[in-house]
Amino acid sequence: MKRLFHLSAAAVLLLSGAAASAQHFAKPEEAIAYRQSAFSLMQAHMTPLGAMATGKASYDPAAARLHADVVAYLAHLPWAGFVPGTDKGDTRARPEIWTDSARFQQEAVDFRQAAAGLSKAASSGQLDALKQAFSTTSQSCKSCHDAFRHKQSR
Ligand code: HEC
C-alpha cells in the first residue's frame with residue numbers, strides 16, 4: 001500500500017506539473033473537460049472517506065490516508081481549467097467565477113487548506129480527526145458549489 005501510494009503520488013505530482021502548462025488548452029471544451037475530470041476524481045475519493053466518517057464503512061486507516069492524500073493533490077488541479085470564455089457550453093460553471101473571481105479564488109484557497117487538513121487528519125490514524133476534517137472539507141465543496149455552480153445542467 002505504501003509503495004502504491006508513492007507511485008500514485010509521483011504520478012499526481014507529474015500531473016500537477018502538467019497542470020501549470022495545461023493553461024493552454026486548444027479548445028474551451030478541453031478546459032471544461034479537464035476541470036470536470038478533476039472534480040469527478042475528487043468525488044470518487046471523497047465518497048469512501050465519507051462512508052468511513054459516517055460509519056457506513058469500517059475505518060481502514062491506510063485506505064483513508066490514500067484517499068485523503070489524493071484529494072489533497074487533486075485540490076490543486078481544477079482551477080487551471082477555469083480559463084476565460086469557458087462559462088458557456090457543457091458546463092455548470094456560473095459567470096460569477098469570472099465576475100467575482102477574488103471570491104472564487106478565496107473559496108479555492110480555503111478548500112486547498114481544508115484538503116491539506118484532511119490529509120493530515122488521515123495520516124494521524126485517528127477516526128475522530130478524520131470525521132472532523134471530512135466535515136470541514138465537504139462543507140468547503142458545498143460552499144463553493146452554492147455560490148459558483150449551477151444547480152442543474154443547462
Ligand atoms: C472553489 C470552488 C469549488 C470547490 C472548492 C469544489 N468545487 Fe466541485 N465544482 C465547482 C464548479 C464551478 C463546478 C462546475 C464545473 C463545470 O461544470 O465546468 C464543479 C463541479 C463538480 C462536479 C461535477 C463534475 C462533472 O463531471 O461535471 C463534482 C462531482 C464536484 N464538483 C465535486 C466536488 C467535490 C467532491 C469537492 C470537494 C472535495 C468540490 N467539488 C469542490 C466548484 C468547486
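Just follow the structure's listing: the first ligand is 1, and inside any ligand the first atom is 1.
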For atom 26 (O) of ligand 1, find the nearest protein heavy atom and state the residue, atom name and distance (0.1 Å precision). Ser40 OG, 3.2 Å
Which residue, Arg149, Arg35, His150, forms the side chain to side chain donor-acceptor pair (under 3.5 Å) with Thr91? Arg35
Give a yes or no on this: more than 12 heavy atoms of other residues, nucleotides or ligands lie within 6.0 Å of atom CD of Gln132. no
Using a 4.0 Å cut-off to any heavy atom of Phe82, which atoms of ligand 1 qualify? 12 (C)
Quick note, side chain to side chain donor-acceptor pair (under 3.5 Å) partners involving residues 116-127, not counting sequence neighbours, are Asp69-Ser119
How about Tyr59 and Leu130: do any of their side-chain heavy atoms sit closer than 4.5 Å? yes
How about Phe39 and Trp79: are their ring centroids closer than 6.0 Å? yes
Find all atoms of ligand 1 within a distance of less than 4.0 Å from any non-hydrogen atom belonging to Glu107, and give their numbers and elements. 1 (C)
Taking only heavy atoms of Phe104, which atoms of ligand 1 are found under 4.0 Å from at least one of them? 1 (C), 2 (C)
Taking only heavy atoms of Arg92 into account, list the atoms of ligand 1 that are under 4.0 Å away from them. 16 (C), 17 (O)
Asp110: what forms a side chain to side chain donor-acceptor pair (under 3.5 Å) with it, not counting sequence neighbours? Gln106
How about His24 and Val83: do any of their side-chain heavy atoms sit closer than 4.5 Å? no
What protein atoms of element N, O or S are positioned under 2.8 Å from atom 8 (Fe) of ligand 1? His145 NE2
Do the ring planes of Phe104 and Phe82 sit parallel (below 30°), tilted (30 to 60°) or perpendicular (above 60°)? perpendicular
Within a distance under 4.0 Å of any heavy atom of Met46, pick out the atoms of ligand 1 and give their elements. 38 (C)
The option among Phe111, Phe134, Tyr34, Phe148 carrying the non-hydrogen atom nearest to atom 5 (C) of ligand 1 is Phe111
Any side-chain heavy atom of Glu29 within less than 4.5 Å of one from Asp90? no
Below a 4.0 angstrom heavy-atom separation, can you tell me which part of Trp79, side chain or backbone, both or neither, approaches ligand 1? side chain
When only distance counts, is Thr91 in polar contact with ligand 1, meaning an N/O pair under 3.5 Å? yes
Who pairs with Asp128 by side chain to side chain donor-acceptor pair (under 3.5 Å), at least two apart in sequence or on another chain? none
Taking only heavy atoms of Ile97 into account, list the atoms of ligand 1 that are under 4.0 Å away from them. 12 (C)
Ligand 1 to Ala108, heavy atom cutoff 4.0 Å, flagged ligand atoms 1 (C)
Is Ser143 reaching over with its side chain to a backbone N or O of Gln139, donor-acceptor style, under 3.5 angstrom? no
Nearest to atom 24 (C) of ligand 1, what protein heavy atom do you find, and at what distance? Gln36 O, 3.7 Å
Establish whether Leu77 and Ile97 are linked, either directly or via other cluster members, by ILVMFWY side-chain heavy-atom contacts under 4.5 Å. yes
